[in-house]
Amino acid sequence: MRQTFDKEQFQKDLLQWYEKEKRDLPWRRTSNPYYIWVSEIMLQQTRVDTVIPYYLKFIERFPTMESLAEADEEELLKLWEGLGYYSRVRNLQIGVREVVEHYGSEVPKTRKEISSLKGIGPYTAGAILSIAYNLPEHAVDGNVMRVYSRLFEIPDDISKPKTKKIFDELVTKTISHEDPSSFNQAIMELGAVVCTPRNPHCLLCPVQEHCAAYASGTPLDYPVKKGKTKVRKVDIFPFVLQDEQGRYLMRKRPSEGLLANMWEFPYVERASEDLTDPQQQLEKQLNTKIKVGQTYEPYKHIFSHLHWNIYATNGRIVDSNDIKETATMKFFTIEEMKALPMAVPVQVLFKQILNHIIL
DNA sequence: AAACCGGGGCC
DNA sequence: GGCCCAGGTTT
């Protein structure tokens with residue numbers, strides 16, 4: 001650490017600012033470690049404003065760890081619908097079950113024990129320990145790395161796993177032992193509202209005088225991050241297929257991988273240079289004949305690592321006796337479909353169906 | 001160490 | 001269109 005850094009004054013400036021400016025968020029009105037846990041999982045890679053309504057619904061439905069431990073996965077996924085990263089909620093339930101069964105329903109208070117729980121990595125362990133139990137543990141996320149990389153002009157590439165150790169140690173050295181909970185939340189709050197990626201509000205920053213990058217006029221040079229991921233483009237051909245009774249054929253995705261266990265309209269995918277007919281592909285896959293109807297307006301869905309161009313068609317199964325219903329391939333009525341967890345690109349189609357029926 | 005895993009907001 | 005977000009797990 002550079003010699004001119006005044007740790008005590010830094011903590012004081014930061015905590016005074018936080019006490020005055022902190023946002024009133026639902027999970028800041030509790031120190032219940034289970035509620036903090038839920039909020040931290042939801043906040044992974046997800047913005048505060050998005051999380052708030054999901055958090056309130058989730059806590060209302062599952063006010064205790066015991067109630068969550070007993071929940072059906074389908075209901076969990078439905079509550080999580082639209083948040084993304086659906087394995088988060090399954091891991092959360094697994095972790096909560098471990099606490100109920102092996103820790104007497106008391107969230108453990110050591111990094112070693114809490115880190116052993118499913119879905120709790122180094123960041124979430126530190127966040128729960130500090131926020132709920134007021135222990136001086138580091139909780140380093142993207143915000144913290146950005147703030148500290150500017151405070152100390154850290155030249156290391158934050159996309160490299162090895163670099164994280166530098167930030168863990170810096171936070172451990174500088175964290176307030178009088179109020180670790182507020183300290184960690186204050187750093188994250190600072191990163192969220194002041195020390196932002198593109199437009200840092202340095203003139204409003206409570207720790208401006210402690211910031212090496214500000215002194216050098218280089219905040220935008222930090223954090224150092226490189227490494228691009230190129231997105232794969234795929235054409236998706238979903239078929240909205242009804243049987244003779246007007247029910248819709250839905251398919252449940254595999255239990256692992258992209259959008260695990262979510263429901264979808266059966267689709268085939270095709271690389272752009274492939275010329276095979278999607279309808280024939282699906283007929284072969286389902287071993288049935290399809291009478292196609294109309295096509296929907298094509299639309300896109302962007303994942304961080306994948307770019308879907310979606311060309312949907314509706315139609316009918318010529319003879320629904322061809323389809324042997326299974327746990328992962330069934331006909332549903334509209335009302336039944338409303339209870340199925342569907343990812344956003346699937347909901348786009350479902351909403352079109354609902355609108356068409358009303359008209 | 002690198003790949004995988006959603007979705008939305010912002011510039 | 002690219003980047004970012006209160007990351008963790010798997011390979």
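Predicted, not measured: the structure shown is a model, and the values here were computed from it. Every chain is numbered from 1 and lettered A, B, ... according to where its sequence line falls, protein lines coming before strand lines.
Using a 4.0 Å cut-off, no side-chain N or O of Lys300(A) falls inside it from OP1 or OP2 of dG8(B). Contact between the side-chain N/O atoms of His301(A) and the OP1/OP2 oxygens of dG6(B) is not found at any separation under 4.0 Å. Considering only side-chain N and O atoms, His305(A) lies nowhere under 4.0 angstrom from the phosphate OP1 or OP2 of dC4(B). The side chain of Ser304(A) contributes no N or O atom lying less than 4.0 Å from OP1 or OP2 of dC5(B). Of the side-chain N and O atoms in Gln44(A), none sit less than 4.0 angstrom from OP1 or OP2 of dA6(C).
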Side-chain donor-acceptor pairs under 3.5 Å in residues 121-136 of chain A, sequence neighbours left out?
{"unit_1": "Tyr123(A)", "atom_1": "OH", "unit_2": "Glu40(A)", "atom_2": "OE1", "d": "2.7"}
{"unit_1": "Thr124(A)", "atom_1": "OG1", "unit_2": "Gln44(A)", "atom_2": "NE2", "d": "3.0"}
{"unit_1": "Ser130(A)", "atom_1": "OG", "unit_2": "Gly126(A)", "atom_2": "O", "d": "2.7"}
{"unit_1": "Ser130(A)", "atom_1": "OG", "unit_2": "Ala127(A)", "atom_2": "O", "d": "3.2"}
{"unit_1": "Ser130(A)", "atom_1": "OG", "unit_2": "Asn184(A)", "atom_2": "ND2", "d": "3.0"}
{"unit_1": "Tyr133(A)", "atom_1": "OH", "unit_2": "Val107(A)", "atom_2": "O", "d": "2.6"}
{"unit_1": "Asn134(A)", "atom_1": "OD1", "unit_2": "Ser181(A)", "atom_2": "N", "d": "3.0"}

Side-chain donor-acceptor distances from residues 216-224 of chain A under 3.5 Å, at least two apart:
{"unit_1": "Ser216(A)", "atom_1": "OG", "unit_2": "Glu153(A)", "atom_2": "OE1", "d": "3.4"}
{"unit_1": "Ser216(A)", "atom_1": "OG", "unit_2": "Glu153(A)", "atom_2": "OE2", "d": "3.2"}
{"unit_1": "Ser216(A)", "atom_1": "OG", "unit_2": "Ala212(A)", "atom_2": "O", "d": "3.1"}
{"unit_1": "Thr218(A)", "atom_1": "OG1", "unit_2": "Glu153(A)", "atom_2": "OE2", "d": "3.0"}
{"unit_1": "Thr218(A)", "atom_1": "OG1", "unit_2": "Ala213(A)", "atom_2": "O", "d": "3.4"}

Scan the side chains in residues 190-204 of chain A for donor-acceptor partners under 3.5 Å anywhere in the protein, sequence neighbours excluded, and list what turns up.
{"unit_1": "Thr196(A)", "atom_1": "OG1", "unit_2": "Asn199(A)", "atom_2": "O", "d": "2.9"}

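For the contact set between residues 256-264 of chain A and DNA chain B, defined by any heavy atom under 4.0 Å, the members are Gly257(A), Leu258(A), Leu259(A). Only Ala343(A), Val344(A), Pro345(A), listed by number, bring a heavy atom of residues 338-346 of chain A to less than 4.0 angstrom from any atom of DNA chain B.
Classified by interplanar angle (parallel below 30°, tilted 30° to 60°, perpendicular above 60°), the ring pair Trp308(A)/His301(A) is tilted.
The side chain of Arg198(A) approaches dC3(C) more closely than any other nucleotide in the set dC3(C), dG6(B), dG7(C). Which of dG6(B), dC4(C), dG2(C) sits closest to the side chain of Tyr86(A) comes down to dG6(B).
Transitive grouping of hydrophobic side chains (ILVMFWY, heavy atoms separated by less than 4.5 Å) brings Phe10(A) and Val144(A) into a common cluster.
A donor-acceptor pair under 3.5 Å is absent between the side-chain atoms of Arg316(A) and the main chain of Glu244(A), judged by distance alone.
In the hydrophobic clustering (ILVMFWY side chains linked at under 4.5 Å, chained through shared members), Phe237(A) is joined by Phe239(A), Leu241(A), Leu249(A), Val268(A), Leu282(A), Leu286(A), Ile290(A), Val292(A), Tyr311(A), Ile317(A), Ile323(A), Met329(A), Phe331(A).
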Handout entry: Residue pair Lys173(A), Glu169(A): steps toward the salt bridge (Lys or Arg N to Asp or Glu O under 4.0 Å) verdict
Key = CA-CA 6 Å; Lys173(A) 285 183 192 169; Glu169(A) 292 174 354; 5.6 Å; no
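For Lys118(A) and Glu189(A), each mapped to the nucleotide of DNA chain C holding its nearest heavy atom, the one lying further toward the 5' end belongs to Glu189(A). Nearest-nucleotide assignment on DNA chain B puts the 5′-proximal partner with Arg47(A), out of Arg47(A) and Asn199(A). Taking the nucleotide of DNA chain C with the nearest heavy atom to each of Ile302(A) and Asp141(A), the more 5' of the two is matched to Ile302(A). Taking the nucleotide of DNA chain B with the nearest heavy atom to each of Pro161(A) and Gly84(A), the more 5' of the two is matched to Pro161(A).
Distance check on atom C1': dG6(B) versus dC4(C) gives 14 Å, rounded to whole Å. dC11(B) and dA6(C): their P atoms are spaced 14 Å apart (whole Å). Comparing dG8(C) with dG8(B), their P atoms sit 22 Å apart, to the nearest whole Å.
Heavy-atom contacts from other residues, nucleotides or ligands closer than 6.0 Å to NZ of Lys57(A) number more than 12.
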